Amino acid sequence: MRRTRILTAVLALAAGLLAGAPPALAAEPVEREVSITADTYTWKNARIDGGGFVPGIVFNRKERNLAYARTDIGGAYRWQQSTKTWTPLLDHVGWDDWGHTGVVSIASDPVDPDRVYAAVGTYTNDWDPGNGAVLRSADRGASWRRTDLPFKLGGNMPGRGMGERLAVDPHRNSVLYLGAPSGKGLWRSTDSGATWSQVANFPNVGNYAQDPADTSGYASDNQGIVWVTFDESTGTAGSATRTIYVGVADKENAVYRSTDAGATWQRLAGQPTGHLAHKGVLDTVEGQLYIAYSDKGGPYDGGKGRLWRYTTATGTWTDISPVAEADTYYGFSGLTVDRQRPGTLMATAYSSWWPDTQIFRSTDSGATWTKAWDYTSYPNRENRYTMDVSSSPWLTWGASPSPPEQTPKLGWMTEALEIDPFDSDRMMYGTGATVYGTENLTDWDTGAKFAIRPMVRGLEETAVLDLASPPSGAPLLSALGDIGGFRHTDLTKVPPMMYTSPNFTSTTSLDYAESAPDTVVRVGNLDSGPHIAFSTDNGANWFAGTDPSGVSGGGTVAAAADGSRFVWSPQGAGVHHTTGFGSSWRASAGIPAGAIVESDRVDPKTFYGFKSGKFYVSTDGGATFTASPAAGLPGGDSVRFKALPGAKGDIWLAGGASDGAYGLWHSTDGGATFTRLPNVEQADTIGFGKAAAGASYQTLYTSAEIGGVRGIFRSTDKGATWTRINDDAHQWGWTGAAITGDPRVFGRVYVATNGRGVIYGDTSGTGDGGGGTDPGPTPTPTGACAVTYEITNQWPGGFQADVRLSNTGDTAWNGWSLSWTFPGGQTVAQMWNAGHSQTGSSVTARNVGWNASVAPGSSVGFGFTGNGSGTDAEPAAFTLDGRSCTVN
């Protein structure tokens with residue numbers, strides 16, 4: 001799964017969108033006061049379970065069952081043992097800081113398990129306009145504080161599977177080290193991550209780059225300092241650990257050591273050369289430092305590898321590789337030791353694509369090894385394991401490979417491998433698509449088979465490129481990077497298979513026929529084979545179409561309203577049209593190559609296009625297009641537009657860039673003219689859903705900036721007023737690829753994220769949901785209120801709670817103040833989406849600017865983390881400006 005190749009294109013788009021695009025003539029909005037009401041939504045993932053690369057898994061060494069996983073573009077997660085699921089920890093990352101969803105390293109404090117740190121940043125080149133940061137949490141990731149760094153970090157860069165680059169001193173946990181890329185060296189914090197300074201005397205900043213000739217800066221970046229490991233046998237509680245090992249991306253000088261707590265550093269004498277040290281894991285009981293080497297930085301390249309053991313007491317190096325170097329066609333990376341059984345260690349052949357990855361295990365400090373699978377007589381193989389992917393059946397890829405390949409594969413890109421430090425039977429490892437694990441690992445040593453299954457539920461890591469919610473059939477069709485996309489008939493269940501026949505590596509665009517939604521088309525990327533596919537049963541089954549000459553990628557595609565014809569704008573070729581299912585394509589005239597194409601949702605012969613500030617219209621089924629006279633549209637190509645179902649020529653267009661026209665436009669004459677909405681500063685997506693009760697127009701959804709606030713917004717009155725429906729705890733970084741409402745369920749919206757999968761939200765309000773009218777000024781709330789208080793997370797000495805305050809009266813609020821008394825002496829540590837004050841056990845939460853207005857029938861939500869005694873009993877009563885509220 002070559003995630004980098006796919007997602008760099010997606011993020012490059014995002015970077016251009018955020019950093020600016022070529023200037024264009026802006027249509028200036030009319031000055032006016034903007035009213036934004038608030039509504040409380042429940043947000044969930046449309047379940048896929050996995051879907052992306054997990055380069056790091058970290059177990060806490062002090063507390064059982066506390067583990068974290070990091071992803072390259074989709075944030076970090078904490079393991080929940082009671083449900084055996086993962087909880088996302090970085091959903092609060094907002095639009096401007098979207099790069100912080102890439103996690104290059106994570107560290108769990110071995111002294112204070114409540115503390116966890118994440119080094120974040122997605123790209124070290126200009127694709128990510130922001131610098132990296134270190135996030136620190138004192139409540140296991142429920143809330144975070146941030147320290148910005150003076151350099152970038154690369155959670156989705158080459159070498160991201162090496163590590164961990166971030167480490168906490170096991171004796172003096174206020175001391176942390178961070179290995180930086182790009183020649184920025186080794187960094188240290190002595191105040192628990194609040195401030196950082198470069199270790200000036202560290203002698204080597206690294207020199208390895210995947211491809212020094214790459215002009216984009218992606219593959220040419222110096223991969224830098226790649227891991228830090230403490231020798232806890234050389235320190236005592238409260239004093240800094242004396243001996244520290246550091247791995248550097250330098251094939252001739254890969255490992256350094258300090259024996260005086262970082263005051264001085266020396267290259268480790270006698271070390272092997274010619275490879276990069278991906279991982280360094282120390283077994284202090286035996287006094288052995290194990291190092292996994294590869295000739296490349298990973299996560300998908302690597303041709304040769306070695307495993308070495310360094311005896312810390314004598315300085316002796318021993319080659320413990322399980323196979324001769326001449327027999328490797330892969331590098332070693334995943335590396336772990338069994339903390340309960342000294343001398344037991346495991347490693348992975350991370351870059352063994354064919355026929356499968358390999359996992360090696362030794363119980364005698366690397367003197368001898370066994371393999372997870374081996375050949376009996378080629379091409380037949382014998383596995384030491386069984387594999388059950390029934391919880392994520394798509395992991396078979398619908399494939400029927402010939403031996404020695406099998407499906408599902410044991411994995412690929414297996415750079416994360418960890419044995420639970422408290423349980424020799426539990427092991428987890430990350431792949432390019434999921435997290436696998438076992439709970440009977442030691443059966444490996446007895447000759448019995450150990451059982452592997454996905455341990456990934458709750459961890460959702462896909463880049464979403466397009467979404468559709470037809471009026472009948474499956475409620476959700478998705479276009480995804482890397483794994484193609486899915487047809488969800490039940491949002492709470494993992495679909496049985498991604499789209500097949502053909503399997504695109506990434507689906508770039510999809511559409512259905514508005515009046516015949518069983519007809520669906522999708523286009524995407526494929527190394528060899530067709531780039532377009534059709535379905536006549538609402539996406540349940542597919543058949544390939546035929547490409548016009550020159551096609552190299554998916555581009556965008558549009559289906560006629562009745563499914564009789566299609567218009568396709570692929571990469572590598574100009575815009576084409578066809579009748580039927582793409583057996584014969586003809587070039588479209590009057591529209592430039594690379595244009596975005598969409599269809600009118602009523603007239604089957606009308607199609608639309610957009611390219612570089614110009615809107616194009618075809619009324620003859622896509623044969624010819626004419627440029628619209630509409631002016632003032634965004635000048636670049638960071639635009640998404642859609643035609644409204646049920647109304648011919650009703651078109652909404654979102655997009656632009658900060659240095660030109662940027663906003664939301666509406667046309668009711670088939671694109672001949674457009675009017676910019678004056679109350680939307682910036683908008684990047686537009687979608688439609690079921691109209692609110694009593695409304696005559698479909699509900700609008702957008703990812704936008706309105707009233708100075710970035711968020712997900714809804715309007716039930718054709719854009720006259722807007723309701724923010726997400727909150728500061730649910731932002732998911734960049735959400736600019738696609739959005740759509742559900743035509744069958746009012747209020748339901750599907751949001752495309754770049755790494756957190758498909759997020760869908762349902763309103764908790766009633767009536768028009770707060771988007772129908774401007775509530776107008778009211779001094780204080782009047783009428784009835786209701787409160788729902790829910791503890792959503794607990795840990796020793798602390799908890800997290802969500803509060804929903806509903807306006808159950810018939811008068812709008814403009815400002816609110818909610819009070820309660822904690823029954824167990826709890827205190828609020830941090831609150832979001834509300835301000836607060838506390839005296840003794842009494843707490844008052846007050847609105848912030850954007851959620852002051854709450855219409856009748858609508859709700860507003862906020863959350864907080866608190867310190868507690870362990871019982872964390874819920875408050876029995878709530879008052880709104882002195883009046884009692886109903887408690888749900």
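Please read these numbers as outputs of a predicted model, since none were measured by experiment.
With a 4.5 Å cut-off on side-chain heavy atoms, Pro502 and Arg522 count as touching. Looking at heavy atoms from C-beta onward, His100 lies out of side-chain contact with Thr122 at the 4.5 angstrom threshold. Taking 4.5 Å as the limit, every side-chain heavy atom of Pro379 sits out of range of all side-chain heavy atoms of Ser402. The side-chain heavy atoms of Pro454 and Val389, taken from C-beta on, include a pair separated by under 4.5 Å. Considering only heavy atoms from C-beta on, Leu467 stays 4.5 Å or farther from Ile739 through its side chain. Between Met455 and Met428, some side-chain heavy-atom pair lies under the 4.5 Å cut-off.
Checked by atom type, the side-chain pair Gln80/Asn65 shows no donor-acceptor distance below 3.5 Å. Between the side chains of Asp39 and Thr763, a donor-acceptor pair is found at a separation under 3.5 Å. For the residue pair Thr519 / Thr536, no side-chain donor-acceptor distance below 3.5 Å is found, with atom types taken as modelled. A donor-acceptor pair shorter than 3.5 Å can be found between the side chains of Ser352 and Tyr329. Of the N and O atoms on the side chains of Ser703 and Thr735, at least one donor lies less than 3.5 Å from an acceptor on the other residue.
Side-chain atoms of Ser569 do not come within 3.5 Å of backbone N or O of Val597 as any donor-acceptor pair. In terms of modelled atom types and a separation under 3.5 Å, the side chain of Gln571 and the main chain of Val551 share no donor-acceptor contact. Counting only distance, with no hydrogens or angles, the side chain of Arg78 and the backbone of Arg140 share a donor-acceptor pair below 3.5 Å. Under the 3.5 Å distance criterion, the side-chain polar atoms of Asp49 are left unmatched by any main-chain donor or acceptor of Glu460. Proximity of a side-chain donor or acceptor of Ser506 to a complementary backbone N or O of Gly524 within less than 3.5 Å is not detected. Side-chain N or O atoms of Thr740 include none that pairs as donor or acceptor with a backbone N or O of Ala468 at under 3.5 Å. Under a 3.5 Å cut-off, the side chain of Asp425 and the backbone N or O of Leu441 do form a donor-acceptor pair. Looking only at distances, a side-chain donor or acceptor of Ser351 sits under 3.5 Å from a matching main-chain atom of Gly302. Of the possible polar contacts, none joining the Thr407 side chain to the Ser400 backbone as a donor-acceptor pair under 3.5 Å is found. The backbone N or O of Thr71 lies less than 3.5 Å from no partner atom in the side chain of Glu461, so there is not a single donor-acceptor pair.
To the nearest 0.5 Å, the span separating CH2 on Trp444 from CD1 on Ile359 amounts to 6.0 Å. Distance check, rounded to the nearest 0.5 Å: CG of Leu700 to NZ of Lys642 gives 11.0 Å. Here the CG atom belonging to Leu480 is positioned 5.5 Å from the CD1 atom belonging to Ile483, to the nearest 0.5 angstrom. Distance check, rounded to the nearest 0.5 Å: OG1 of Thr434 to OH of Tyr429 gives 9.0 Å. To the nearest 0.5 Å, the span separating CH2 on Trp585 from NE2 on His577 amounts to 9.5 Å. Rounded to the nearest 0.5 Å, atoms CG (Leu410) and OH (Tyr436) are 8.0 Å apart.
In this structure, Tyr68 has no ring-ring contact (aromatic ring centres under 6.0 Å, His included) partners at least two apart in sequence or on a different chain. Every side chain to side chain contact (heavy atoms under 4.5 Å, CB included) that Asp374 has, sequence neighbours left out, goes to Lys371. The side chain to side chain donor-acceptor pair (under 3.5 Å) test applied to Thr83 returns Thr85, not counting sequence neighbours. Asp537 meets the side chain to side chain contact (heavy atoms under 4.5 Å, CB included) test with Ser535, Ala540, Asn541; sequence neighbours excluded. Taking the salt bridge (charged side-chain N to carboxylate O under 4.0 Å, His left out) definition, one finds that Arg426 meets it with Asp420, sequence neighbours left out. Evaluation of the salt bridge (charged side-chain N to carboxylate O under 4.0 Å, His left out) rule for Lys409 yields Glu405 as partners, not counting sequence neighbours. Contacts of Asp511 classified as salt bridge (charged side-chain N to carboxylate O under 4.0 Å, His left out), with partners at least two apart in sequence or in another chain: Arg601. Looking at residues two or more places apart in sequence or on another chain, you find a side chain to side chain contact (heavy atoms under 4.5 Å, CB included) between Glu382 and Thr376, Lys449. Applying the side chain to side chain contact (heavy atoms under 4.5 Å, CB included) criterion to Ala560, with sequence neighbours excluded, gives Asp562, Ser564, Arg565, Pro604, Phe607. Listed by chain and residue number, Asp388 satisfy the side chain to side chain donor-acceptor pair (under 3.5 Å) test with Ser390 (two or more places apart in sequence, or in another chain).
Across all non-hydrogen atoms, the minimal contact from Val521 to Phe534 is CG2-CE2, 3.6 Å. The two atoms that bring Leu477 and Asn538 nearest to each other are CD2-O, 3.9 Å, heavy atoms only. Arg487 approaches Pro495 most closely through the heavy-atom pair O-CB, 3.8 Å. Contact detail for Gly298 and Glu415: the closest heavy-atom pair is CA-OE2, 4.0 Å. Closest approach of Ala738 to Thr685, counting heavy atoms only: N-CG2, 3.6 Å. Across all their heavy atoms, Thr431 and Gly411 have their closest contact at CG2-CA, 4.0 Å.
Within the structure, every pair that satisfies the salt bridge (Lys or Arg N to Asp or Glu O under 4.0 Å) test and touches residues 735-761, not counting sequence neighbours, is listed here: Asp91-Arg756, Arg748-Asp762. For residues 472-529, the set of pairs meeting the ring pair (Phe, Tyr, Trp, His ring centres under 6.0 Å) definition, not counting sequence neighbours, comprises Trp394-Phe486, Tyr499-Trp542.
A tilted orientation is assigned to the rings of Phe581 and Phe566, their planes being inclined by 30° to 60°. Taking the six-membered ring for Trp and thresholds of 30 and 60 degrees, Phe450 and Tyr385 have ring planes inclined between 30 and 60 degrees apart. Using cut-offs of 30° and 60° on the angle between ring planes, the pair His730 and Trp732 is tilted. The aromatic rings of Trp734 and Trp95 sit tilted, their planes meeting at an angle between 30° and 60°.
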Practice item. Before giving the answer on side-chain contact (heavy atoms from CB on, under 4.5 Å), spell out for Phe746 and Thr699 the whole-Å C-alpha distance, their side-chain angles and the decisive distance to 0.1 Å. Key: CA-CA 8 Å; Phe746 168 70; Thr699 303; 3.5 Å; yes
Point to revise | Verdict with supporting geometry, Asn726 and Trp43, side-chain contact (heavy atoms from CB on, under 4.5 Å) | key: CA-CA 8 Å; Asn726 72 322; Trp43 298 100; 4.0 Å; yes
Exercise for review: Determine, stepwise, if the pair Arg640 / Glu598 fulfils salt bridge (charged side-chain N to carboxylate O under 4.0 Å, His left out).
Suggested key: CA-CA 10 Å; Arg640 288 141 190 95; Glu598 296 282 354; over 6 Å; no
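With respect to the salt-bridge test (charged N to carboxylate O, under 4.0 angstrom), the residues Asp356 and Arg381 qualify.
Taking the six-membered ring for Trp and the full ring otherwise, Trp397 and Trp412 have centroids separated by under 6.0 Å.
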